[in-house]
Amino acid sequence: MSILAVIFDLDGVLVHTDQYHYQAWKRMADEEGIVFDESAGDRLRGISRMESLEVILEKSSRTYTSEEKEALAAKKNGYYRELLEQLTPADAAPGSHEIIAACKLQGTKVAIGSSSRNTPVILERLGLTHLFEAVADGNEIDNSKPDPEVFLLAAKKLAIDPECCIVVEDAEAGLVAAKRAGMKSAAIGTVINSPAAADYRLHRLEELTAVIWG
């Protein structure tokens with residue numbers, strides 16, 4: 001069946017804010033006296049803020065109440081949003097504007113499917129908000145990836161059947177979510193070497209044109 005829509009993950013696909021996330025989590029962890037390094041940071045890729053916090057707290061010498069966890073997550077997000085103020089349109093990933101423009105030229109709809117609650121802020125800082133027919137993000141869902149909820153919501157907003165959508169993802173959780181949603185998937189970044197089953201593997205965003213239109 002023809003691909004009628006592309007659903008892009010945001011972080012790691014259209015923009016690379018991984019280092020911002022790492023710096024914010026690192027600052028929070030250091031303040032709590034919790035060991036946190038790059039290897040731990042890799043485990044946070046594609047999962048929600050609270051799930052990320054639980055991973056970090058595995059190294060803690062104490063237990064935290066639900067209220068304390070919420071406060072820590074909010075503190076990290078505050079640090080992260082401070083760092084996002086540095087973002088400009090020049091920080092969009094290479095090929096982002098070109099592939100979105102190509103989709104629009106061909107009549108293929110484009111959407112965002114991200115678990116991040118900061119999606120609106122990031123899109124605004126990048127100057128990309130107006131380019132998407134639909135945005136589904138962490139502010140609207142109950143279940144983060146690998147649950148397919150965010151991708152199914154994006155498809156619903158586009159009024160496109162899931163089987164006619166392709167997801168572009170840089171995280172294993174996102175690839176699993178795409179499969180559970182009944183969508184095609186294209187892996188980009190380090191996840192192309194992941195055992196998670198992607199239908200396509202991209203070394204550059206521009207390679208998506210060959211996947212969609214041959």
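- For Leu4, the side chain to side chain contact (heavy atoms under 4.5 Å, CB included) partners two or more places apart in sequence, or in a different chain, are Ser2, Ile160, Cys164.
- Judged purely by atom type and a 3.5 angstrom limit, Asp161 has no side-chain atom pairing as donor or acceptor with the backbone of Glu163.
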Indicate every side-chain donor-acceptor pair of residues 202-214 with a distance under 3.5 Å to a residue at least two apart or in another chain.
from: Glu207; atom 1: OE1; to: His203; atom 2: N; distance (Å): 2.9
from: Thr209; atom 1: OG1; to: Glu206; atom 2: O; distance (Å): 2.9
from: Trp213; atom 1: NE1; to: Thr108; atom 2: OG1; distance (Å): 3.4

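- Counted within 6.0 Å of NZ on Lys76, heavy atoms from surrounding residues, nucleotides or ligands total more than 12; the atom is thus considered enclosed.
- Hydrophobic clustering of Ile, Leu, Val, Met, Phe, Trp and Tyr side chains at less than 4.5 Å, counting indirect connections, keeps Leu128 apart from Val167.
- For the pair Lys157 (side chain) and Ala136 (backbone), a donor-acceptor distance under 3.5 Å is absent.
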Decide side chain to side chain contact (heavy atoms under 4.5 Å, CB included) for Val110 and Leu131; before the verdict, give the C-alpha distance in whole Å, the side-chain angles of both, and the deciding distance to 0.1 Å. CA-CA 8 Å; Val110 289; Leu131 297 179; 5.7 Å; no

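- The closest side-chain heavy-atom distance from Arg180 to Val176 is below 4.5 Å.
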List the steps, then state whether side chain to side chain contact (heavy atoms under 4.5 Å, CB included) holds for Ile56 with Leu44. CA-CA 9 Å; Ile56 293 170; Leu44 311 186; 4.2 Å; yes

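- Evaluation of the side chain to side chain contact (heavy atoms under 4.5 Å, CB included) rule for Lys59 yields Ile34 as partners, not counting sequence neighbours.
- No path of Ile, Leu, Val, Met, Phe, Trp and Tyr side chains, each step under 4.5 Å between heavy atoms, connects Ile112 with Val150, placing them in separate hydrophobic clusters.
- Listed by first and then second residue, the ring-ring contact (aromatic ring centres under 6.0 Å, His included) pairs involving residues 99-147 amount to none (not counting sequence neighbours).
- Checked for salt-bridge contact, Arg43 and Glu58 meet the test: a charged N lies under 4.0 Å from a carboxylate O.
- Between Lys109 and Leu158, the closest heavy-atom pair is NZ-O, 3.1 Å.
- Hydrophobic clustering, with ILVMFWY side chains joined whenever heavy atoms are under 4.5 angstrom apart, keeps Met183 apart from Ile192.
- The CG atom of Asp199 lies 7.0 Å from the CD1 atom of Ile166; values are rounded to the nearest 0.5 Å.
- Taking all atoms of both residues into account, the shortest heavy-atom contact from Ala93 to Ser96 is O-OG, 2.6 Å.
- For the salt bridge (Lys or Arg N to Asp or Glu O under 4.0 Å) test, residues two or more places apart in sequence or in another chain that qualify with Asp30 are Lys26.
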Show me the donor-acceptor pairs, under 3.5 Å and distance only, between side chains in residues 7-15 and residues at least two apart or in other chains.
from: Asp9; atom 1: OD1; to: Lys145; atom 2: NZ; distance (Å): 3.0
from: Asp11; atom 1: OD1; to: Thr17; atom 2: OG1; distance (Å): 2.9
from: Asp11; atom 1: OD2; to: Thr17; atom 2: OG1; distance (Å): 3.4
from: Asp11; atom 1: OD2; to: His21; atom 2: NE2; distance (Å): 3.1

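- No side-chain heavy atom of Leu53 sits less than 4.5 Å from a side-chain heavy atom of Tyr64.
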Before you tell me yes or no, could you show the steps for Asp142 and Glu149 under side chain to side chain contact (heavy atoms under 4.5 Å, CB included), namely the whole-Å CA-CA distance, both residues' side-chain angles and the distance that decides it to 0.1 Å? CA-CA 8 Å; Asp142 295 317; Glu149 183 180 2; 3.9 Å; yes

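- A salt bridge between Glu133 and Lys104 is present, with a side-chain N of the basic residue lying under 4.0 Å from a carboxylate O of the acidic one.
- Partners of Tyr22 by ring pair (Phe, Tyr, Trp, His ring centres under 6.0 Å), not counting sequence neighbours, listed by chain and number: Phe36.
- Here Glu82 pairs with nothing under the side-chain hydrogen bond (donor to acceptor under 3.5 Å, both in side chains) rule; sequence neighbours left out.
- Under the side-chain hydrogen bond (donor to acceptor under 3.5 Å, both in side chains) criterion, Ser39 pairs with Asp37, not counting sequence neighbours.
- In this structure Lys75 satisfies the side chain to side chain contact (heavy atoms under 4.5 Å, CB included) test together with Met28, Glu31, Glu32, Tyr79, sequence neighbours excluded.
- Side-chain contact between Tyr200 and Ser185 is absent, with no heavy-atom pair separated by less than 4.5 Å.
- Using a distance-only test at 3.5 Å, with no hydrogens or angles considered, no donor-acceptor pair links the side chain of Glu70 to the main chain of Glu67.
- Heavy atoms only, all atoms of each residue included: Pro148 and Ala177 are closest at CB-O, 3.4 Å.
- The CZ atom of Arg27 sits 15.5 Å away from atom OH of Tyr80, with the distance rounded to the nearest 0.5 Å.
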Distance-only donor-acceptor hits, side chain of residues 118-126, under 3.5 Å, sequence neighbours excluded:
from: Asn118; atom 1: OD1; to: Arg81; atom 2: NH1; distance (Å): 2.8
from: Asn118; atom 1: ND2; to: Asn77; atom 2: OD1; distance (Å): 2.8
from: Thr119; atom 1: OG1; to: Ser114; atom 2: OG; distance (Å): 3.3
from: Thr119; atom 1: OG1; to: Ser116; atom 2: O; distance (Å): 2.8
from: Arg125; atom 1: NE; to: Leu87; atom 2: O; distance (Å): 3.2
from: Arg125; atom 1: NH2; to: Glu85; atom 2: O; distance (Å): 2.5
from: Arg125; atom 1: NH2; to: Leu87; atom 2: O; distance (Å): 3.0

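- In this structure, Ser144 and Glu51 approach most closely via the heavy-atom pair CB-OE1, 4.0 Å.
- Judged as a side chain to side chain contact (heavy atoms under 4.5 Å, CB included), and not counting sequence neighbours, the contacts of Thr88 are Ala90, Asp91.
- Closest non-hydrogen pair, Ala181 versus Phe151, comes out as CB-CB, 4.4 Å.
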